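All values below were derived from every heavy atom in this structure, side-chain atoms included, with hydrogens, water molecules and symmetry-related copies excluded. Since this is a predicted model, take the numbers as computed values, not measurements.
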Amino acid sequence: MSERGFVRTYWRIILLVLFVAAAVFALFVPGGIMADDSLAGGNETIDDGDPTNLQYGLGLDGGTRISAPVVGMTAENIDAGAVNEDEGTIDTDRLRAIETTLLEELELSGADARVDYHEGDQAVHAEVFSSEVDRSEFAAALQEAGVEVEADDIRDGVTDQTREEIVRTIETRINEAGLAGGQATQQAMLGDDYYIVVEAPDMTPSELRELLSHRGAVEVVAHYPENGEQVNETVLEQGDFQNIDPATFDSERGHHVPVSITSEAAPGFQEAMNEMGFTTEGVGNCDVTDQVTGEIDFDRDPPNYCMVTVVDGEPVDAHSVAPSLAENLRSGQWADSPTFIMGAQSQQEAQSLSVNLRAGALPAELDFDRDDTFMVSPALADQFKTYSLFIGLLSVLSVSGMVYLRYSDVRVAAPMIVTALAEVVILLGFAALIRMPLDLSHIAGFIAVIGTGVDDLIIIADEVMSEGDVSQQRVFDSRFRKAFWVIGAAAATTIVALSPLAVLSLGDLRGFAIITILGVLVGVLVTRPAYGDILRYLLTDDK
């Protein structure tokens, strides 16, 4: 047989070899196929002694899972008078006016109320993210803004968009903290309630709660003298920052985070610095930080010209404008390359500041009074990992023994075992490729894949060999097609049955369903056809 004829006849075997090679590459080559870690969340590679690129979830690596609802109330689909359906325009000034009224009437900070038009359902929703406000107060504030809403129209919880923003922010925060395998999801509960579920390997409950308990809203406040008094004025908010570098340290500037400002915000900041005097008499003139305790005291003798870094309303560091920065601000050249550094008093604060700037602020807090916490210790997780490996090997050996006893023919049994193992290798490679955190539920899925895979291969072998000699390729192909219809129908049934588990938020069952469905698809599309080609090559005379 020519090379072209061999490829045309046995292309399914070649495809299987290519899949296995790609899986091995993804599993064992550092960085795998997806060398750009930013595609997987930007995690740095962590050397944990594991020679593979696999990531492990809570059950196999230890860590903490916290699920909690979001603090907030929502007035859905309000008649804000901001939507012109005929012209298809939205009056954003009207939305901001309602939001301002809510903040003033309810005495909230700027991040605790939101009024937005949602394109998904083409409606205006008002949200309040504070446990200090009840429904009647929320309704009264909306009425003050000219919106006809009763207390009964308000529900607990936040909108889908807010929950999705919370999930994205937490995932970014976990990734920026270097917690490989961490993830955040939202889970529907009975009664139209939703919980945010956060898993973080290698963290204790207190550490994870600390990571999630702060909203991480960062702003820069100018503390300067005006009319004989010291005043505070916000000059930069969270959305004004971009290109946040990691926290760093040098002997001259201490702990700090290099940042740049958006081109939209830079001219206004530059103008404000000049008008407030930070670039003239304010250069190097900041004395509000106790050099011993590090505490910030705004009552110290004026005048002070301080740039104060504030996180969640609390000042974390204050420093003056450096002469070189002041010179660039005075000349007007700073806005062309708007960069500076934000100081911090410790490495931990600098790291936290960098993470908060990169991840953004949580739009709402989680309600830890109603949380559910689950923890697996690293030692117990190591036991689970060892037992999982042992059970996997035991299942392979058991299946191998039964298959050999069933056929007593190495030509049939050996390819069957090799093909089934190839299926598992391909799935592990896929998991390494997409950085899927493997958990106990996924291990159960792998074992199920081995079982269903060998079932299908036995069906193929029985159908091909049950009616006697198969030395002719035409006879083999006829019997193989008949067997393949059977396993194809079984695969379709399995996929349909497990699809609801893979789609719905049912905890660990979802991981089991996803791996099983992926295994069935790989089996039907790659490994079963390849096994048929192997049998054809070994059992027929047409080579």
Centres of the Y224 and Y305 rings: under 6.0 Å? no
Take atom OH of Y387 as the centre, draw a 6.0 Å sphere, and report whether it contains more than 12 heavy atoms from other residues, nucleotides or ligands. no
Measuring from atom CG of L325 to atom OG1 of T339, what distance do you get when rounded to the nearest 0.5 angstrom? 8.5 Å
Any donor-acceptor pair under 3.5 Å linking the side chain of R173 with the backbone of N356? no
I'd like to know whether R370 forms a salt bridge (charged side-chain N to carboxylate O under 4.0 Å, His left out) with D193, so could you lay out the CA-CA distance, the side-chain angles of the two residues, the decisive distance to 0.1 Å, and finally the verdict. CA-CA 12 Å; R370 299 165 56 196; D193 203 0; 2.9 Å; yes
Residues in ring pair (Phe, Tyr, Trp, His ring centres under 6.0 Å) with F512, at least two apart? none
Testing the 3.5 Å rule here: is there a donor-acceptor pair between the side chains of S67 and Q187? no
For E105, enumerate each residue passing the salt bridge (Lys or Arg N to Asp or Glu O under 4.0 Å) test, keeping only those at least two apart in sequence or located in another chain. none
Does the side chain of D317 pick up a donor-acceptor pair with the side chain of T309 at under 3.5 Å? no
What's the verdict on salt bridge (charged side-chain N to carboxylate O under 4.0 Å, His left out) for R114 and E165, showing C-alpha distance, side-chain angles and the deciding distance? CA-CA 13 Å; R114 173 185 290 179; E165 186 178 344; 3.2 Å; yes
Does either side chain, that of T159 or that of T162, offer a donor lying less than 3.5 Å from an acceptor on the other one? yes
In H125, R155, H118, the residue satisfying side chain to side chain donor-acceptor pair (under 3.5 Å) with E76 is R155
Interatomic spacing from CG in L428 to CG in N53 - rounded to 0.5 Å: 11.5 Å
Could you tell me whether the side chains of T373 and D371 share a donor-acceptor contact shorter than 3.5 Å? yes
Go through the side-chain N and O atoms of Q347 and H255 and say whether any donor and acceptor fall under 3.5 Å apart. no
